[in-house]
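The structure appears below as structure tokens.
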Amino acid sequence: DQQVKQNSPSLSVQEGRISILNCDYTNSMFDYFLWYKKYPAEGPTFLISISSIKDKNEDGRFTVFLNKSAKHLSLHIVPSQPGDSAVYFCAASAWDGNQFYFGTGTSLTVIP
Amino acid sequence: ETGVTQSPTHLIKTRGQQVTLRCSSQSGHNTVSWYQQALGQGPQFIFQYYREEENGRGNFPPRFSGLQFPNYSSELNVNALELDDSALYLCASRPSGPRGLAGSADTQYFGPGTRLTVL
């Protein structure tokens with residue numbers, strides 16, 4: 001039972017444009033959400049997070065939006081850079097749980 | 001401040017064997033989790049340790065076991081290896097206690113992983 005879903009396995013964007021990565025979840029108990037970036041042969045690297053009490057969190061070029069009613073979050077990267085090319089994982093956790101649930105990832109390619 | 005480290009980087013075992021993977025948590029982090037990432041999938045939670053005790057477990061059989069040591073290093077042991085155990089095994093640490101105890105929502109920091117191949 002996949003509680004966190006990333007329905008786009010891959011995304012290609014021109015350098016300088018906006019990249020939008022999407023994530024959907026099914027568990028209404030989730031209250032903390034994160035995005036991780038993963039390069040080949042490395043572990044996931046934390047990128048940005050958001051608590052369910054917010055609907056937006058921004059960190060430099062990265063912004064995460066949370067729509068609780070739709071159980072949907074998205075990661076915006078503006079402007080996209082070639083170094084952003086990686087696999088991006090969405091993850092979520094519930095206040096009474098210990099594990100993070102991950103999506104299957106979206107492979108982003110930023111074309112120079 | 002050192003990050004999360006894991007050893008070995010790669011490992012090849014045969015079906016039925018046992019394996020031990022090691023992790024050294026980030027300095028000051030007292031909670032460690034282990035994840036299995038199969039090819040093309042996201043990381044799947046195996047279990048979490050806090051103060052040397054298992055504190056949460058995912059949908060993995062008992063042949064997956066672990067230990068956490070006072071210096072916050074930890075081990076993942078897998079007995080009776082099966083072909084489907086071939087995956088990247090990730091260790092992640094966090095500075096505070098597990099959610100539900102501390103109520104915190106801080107971030108997990110991952111190590112580079114151990115690539116296990118079972119033949």
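Lettering follows sequence order; numbering is per chain, from 1.
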Under 4.5 Å between side-chain heavy atoms, counting indirect links through other Ile/Leu/Val/Met/Phe/Trp/Tyr residues: same cluster for Phe60(B) and Tyr101(A) or not?
no
Does atom CZ of Arg61(A) have more than 12 heavy-atom neighbours from other groups under 6.0 Å away?
yes
Can you tell me which portion of Gln6(B) sits under 4.5 Å from chain A's heavy atoms? Options are side chain, backbone, both or neither.
neither
All heavy atoms of Phe89(A) vs all of Gln41(B), minimum pair found to be CE2-O, 3.9 Å
Please look at Tyr39(A) and chain B and tell me whether the side chain, the backbone, both or neither of the residue comes under 4.5 angstrom of a heavy atom of that chain.
neither
Heavy-atom neighbours of Lys68(A) NZ exceed 12 at 6.0 Å
yes
Do other residues, nucleotides or ligands put more than 12 heavy atoms under 6.0 Å from Leu83(B) CG?
yes
Let me check something: do Leu34(A) and Val64(A) share a hydrophobic cluster, defined by ILVMFWY side-chain heavy atoms less than 4.5 Å apart, either directly or through other members?
no
Can you tell which part of Tyr35(B) gets under 4.5 Å to a heavy atom of chain A, answering side chain, backbone, both or neither?
side chain
Say whether Leu75(A) and Tyr36(A) are linked into one hydrophobic cluster, either directly or through other cluster members, by side-chain heavy-atom distances under 4.5 angstrom.
no
Whether over 12 other heavy atoms sit under 6.0 Å from Asn59(B) CG
no
Could you tell me which residues in residues 103-112 of chain A have at least one non-hydrogen atom under 4.5 Å from a non-hydrogen atom of chain B, sorted by residue number?
Gly103(A), Thr104(A)
Which answer fits Ile46(B), side chain, backbone, both or neither, if we ask what part of it has an atom under 4.5 Å from a heavy atom of chain A?
neither
Using the rule that Ile, Leu, Val, Met, Phe, Trp and Tyr join whenever any side-chain heavy atoms are under 4.5 Å apart, tell me whether Phe46(A) and Val87(A) fall into a single cluster.
yes
I'd like to know if Ile20(A) and Leu66(A) are part of one continuous hydrophobic network [Ile/Leu/Val/Met/Phe/Trp/Tyr, side-chain heavy atoms within less than 4.5 Å].
no
If I take atom CZ from residue Phe110(B) and atom CD from residue Glu42(A), how far apart are they, to the nearest 0.5 angstrom?
14.0 Å
Taking every heavy atom of Phe100(A) against every heavy atom of Arg94(B), the minimum-distance pair comes out as CE1-NH1, 3.7 Å
For Leu90(B) and Gly43(A) the tightest heavy-atom approach is CD2-CA, 4.0 Å
More than 12 heavy atoms from other groups under 6.0 Å of CZ on Arg63(B)
yes
